[in-house]
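Structure first, commentary second.
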Amino acid sequence: MENKGLTLIGSYPSPFVRSLRLFMHERISFTFKSIDYLQEKDAQYLLSINPINKIPVLLHDEKVIFDSRVIYQYLKKEFLIYETLSLEEENLLSEIYGVMDTTINLFMMKRFDIDIHGQSYYFERNHSRIKNILHHISSHLELLSQWKFPAMLLYSYLDWANFRGMLKLNDFDKLNQFHQAWTNLQSVQATKIPS
């Protein structure tokens with residue numbers, strides 16, 4: 001039975017949202033409310049509950065929690081979920097968030113017909129940042145061998161970036177193997193991006 005007092009608001013494709021859905025799956029009963037912030041009605045609703053105007057948002061009774069990392073910390077504390085992360089895992093989490101932010105910013109520009117491969121220091125720097133972060137993560141995948149939140153976040157990012165055509169997984173052998181290793185998990189299948 002779903003917890004009517006706990007609602008996660010976001011979109012199905014968003015890796016920020018999906019990582020939380022993966023974390024909550026089979027741990028916490030909740031309602032998922034899908035919105036499309038590119039539609040005026042949903043955009044107004046999102047802004048009315050979240051001043052930073054981003055997904056995900058968690059509603060828990062009278063509380064409103066923004067930002068996926070804060071939501072993750074809140075859920076662990078509120079529902080007594082024991083999942084400690086080492087300093088190295090926290091650093092990897094920061095890297096994954098960094099590469100997600102950068103890739104999503106480029107994707108949004110591309111969506112609005114901006115040439116993200118044009119001659120520009122800004123675009124070159126961001127493409128280089130994505131590549132460097134992914135190579136660094138690839139060399140530390142042993143820290144993501146357990147299905148904890150950092151692994152869920154990386155999987156969600158890789159699946160989204162591949163789905164949106166922002167990343168060719170075949171260009172990153174170890175990351176591709178990581179992605180394939182978790183694809184058949186029940187929670188992954190239950191939260192997969194609709195085609």
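Worth knowing before you read on, the calculation uses all heavy atoms, side chains too, and leaves out hydrogens, waters and symmetry mates.
- In this structure, Pro194 and Phe163 approach most closely via the heavy-atom pair O-CZ, 3.8 Å.
- Of the possible polar contacts, one joining the Ser19 side chain to the Phe16 backbone as a donor-acceptor pair under 3.5 Å is found.
- Note on Ile96 and Leu87: separate hydrophobic clusters, where clusters join Ile, Leu, Val, Met, Phe, Trp and Tyr whose side-chain heavy atoms are under 4.5 Å apart, directly or indirectly.
- Scanning all heavy atoms of the two residues, the minimum distance from Val17 to Gly10 falls at CG2-CA, 3.7 Å.
- The aromatic rings of Tyr155 and His179 lie parallel to each other, their planes meeting at an angle below 30°, with 60° marking the opposite boundary.
- To the nearest 0.5 Å, atoms NE2 (His25) and CG (Leu185) are separated by 9.5 Å.
- Taking the side chain as every heavy atom from C-beta outward, Ile28 and Ile81 approach each other to under 4.5 Å.
- In this structure, Ile133 CD1 and Thr102 OG1 are separated by 5.5 Å, a value rounded to the nearest 0.5 Å.
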task: Just do the side chain to side chain contact (heavy atoms under 4.5 Å, CB included) check on Ser156 and Leu22 with the steps written out, would you?
output: CA-CA 9 Å; Ser156 299; Leu22 286 168; 3.5 Å; yes
- request: Please report the C-alpha distance between Trp147 and Val188 in whole Å, then the side-chain angles of each, then the deciding distance to 0.1 Å, and finally whether the side chain to side chain contact (heavy atoms under 4.5 Å, CB included) criterion is met.
  value: CA-CA 11 Å; Trp147 192 237; Val188 169; 3.7 Å; yes
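- Between the side chain of Lys110 and the backbone N or O of Ile116 there is no donor-acceptor pair closer than 3.5 Å.
- In this structure, Asp42 contributes its side chain and Asp36 its backbone to a donor-acceptor pair below 3.5 Å.
- Applying the 6.0 Å contact sphere to CZ of Arg125 captures no more than 12 heavy atoms from other residues, nucleotides or ligands.
- Within the 4.5 Å cutoff, side-chain heavy atoms of Leu75 are placed close to those of Leu58.
- A salt bridge does not link Glu142 with Lys174: none of the charged nitrogens is closer than 4.0 Å to a carboxylate oxygen.
- The minimum heavy-atom distance linking Pro51 with Phe66 is given by the pair CD-CZ, 3.3 Å.
- Taking a 6.0 Å sphere around CD of Gln119, one finds it holds 12 or fewer heavy atoms contributed by other residues, nucleotides or ligands.
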- request: Quick one: do Tyr157 and Tyr97 satisfy ring pair (Phe, Tyr, Trp, His ring centres under 6.0 Å)? Show the steps, please.
  value: CA-CA 9 Å; Tyr157 164 73; Tyr97 274 116; over 10 Å; no
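- Ring orientation note: the planes of His127 and His117 are close to parallel, at an angle under 30° on the 30°/60° scale.
- The shortest distance between side-chain heavy atoms of Met109 and Phe123 falls below 4.5 Å.
- A donor-acceptor contact shorter than 3.5 Å is absent between the side chain of Asn162 and the backbone of Leu158.
- Salt-bridge formation is detected for the pair Arg69/Glu90: a Lys NZ or Arg NE/NH1/NH2 atom is positioned less than 4.0 Å from an Asp or Glu carboxylate oxygen.
- Results of the side-chain contact (heavy atoms from CB on, under 4.5 Å) test with Thr103 over Leu134, Asn126, Ile130 single out Ile130 as the only residue that passes.
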message: Run Leu46 and Val57 through side chain to side chain contact (heavy atoms under 4.5 Å, CB included) and show every step you take.
response: CA-CA 8 Å; Leu46 178 61; Val57 179; 3.9 Å; yes
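- The aromatic rings of Phe149 and Tyr72 lie parallel to each other, their planes meeting at an angle below 30°, with 60° marking the opposite boundary.
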task: Go through the steps to decide whether Gln39 and Tyr45 satisfy the test side chain to side chain contact (heavy atoms under 4.5 Å, CB included), and finish with yes or no.
output: CA-CA 10 Å; Gln39 300 298 319; Tyr45 170 69; over 6 Å; no
message: Quick one, Asn176 with Asn170, criterion side chain to side chain donor-acceptor pair (under 3.5 Å). Give me CA distance, side-chain angles, the key distance, then yes/no.
response: CA-CA 6 Å; Asn176 193 22; Asn170 290 334; 3.2 Å; yes
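- Taking every heavy atom of both residues into account, Leu175 and Ser138 meet most closely at CG-OG, 3.3 Å.
- Crowding of Lys63 atom NZ: a count of heavy atoms from other residues, nucleotides or ligands under 6.0 Å exceeding 12.
- In the hydrophobic cluster analysis, where Ile, Leu, Val, Met, Phe, Trp and Tyr join through side-chain heavy atoms closer than 4.5 angstrom, Ile55 is grouped apart from Leu47.
- The NZ atom of Lys33 lies 14.0 Å from the OG atom of Ser11; values are rounded to the nearest 0.5 Å.
- By the 4.0 Å N-to-carboxylate-O rule, Glu89 lies close enough to Lys148 to be salt-bridged with it.
- For the pair Leu93 and Pro150, the tightest heavy-atom approach, listed with the atom from each and the gap, is CD1-CA, 3.7 Å.
- Met166 and Phe112 fall within a single hydrophobic cluster, where Ile, Leu, Val, Met, Phe, Trp and Tyr are joined by side-chain heavy atoms under 4.5 Å apart, directly or via other members.
- Other residues, nucleotides and ligands contribute at most 12 non-hydrogen atoms within 6.0 Å of the CD atom of Gln146.
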- request: Go through the steps for Glu124 and Arg129 under the test salt bridge (Lys or Arg N to Asp or Glu O under 4.0 Å), then give the verdict.
  value: CA-CA 8 Å; Glu124 288 172 10; Arg129 183 174 189 233; over 6 Å; no
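- Residues Lys54 and Asn50 come closest through the heavy atom pair O-ND2, 2.7 Å.
- Annotation: the span from Ile71 atom CD1 to Lys76 atom NZ amounts to 14.0 Å, rounded to 0.5 Å.
- Between Leu141 and Leu144, some side-chain heavy-atom pair lies under the 4.5 Å cut-off.
- The distance from the CZ atom of Phe178 to the CG atom of Leu169 is 11.0 Å, given to the nearest 0.5 Å.
- Using a 4.5 Å cut-off on side-chain heavy atoms (C-beta onward), Pro13 and Arg164 make contact.
- Linking ILVMFWY residues whenever their side-chain heavy atoms come closer than 4.5 Å, directly or via other members, leaves Phe30 and Leu80 in distinct clusters.
- Hydrophobic clustering, with ILVMFWY side chains joined whenever heavy atoms are under 4.5 angstrom apart, groups Ile52 together with Leu20.
- Trp160 has its side chain out of reach of Arg18: every pair of non-hydrogen atoms, C-beta onward, lies at least 4.5 Å apart.
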message: For Glu95 and His136: C-alpha separation, side-chain torsions, deciding distance, then whether side chain to side chain donor-acceptor pair (under 3.5 Å) applies.
response: CA-CA 9 Å; Glu95 286 185 62; His136 189 263; 2.9 Å; yes
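- Distance check, rounded to the nearest 0.5 Å: CD of Gln177 to CD of Gln180 gives 9.5 Å.
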- prompt: Between Thr191 and Arg21, does a side chain to side chain donor-acceptor pair (under 3.5 Å) hold up when you go through it step by step?
  reply: CA-CA 7 Å; Thr191 61; Arg21 291 175 64 218; 5.1 Å; no
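- Using a 4.5 Å heavy-atom cutoff, the side chains of Phe32 and Leu8 are in contact.
- Counting heavy atoms from C-beta outward, Phe79 and Met24 have side chains that stay 4.5 Å or more apart.
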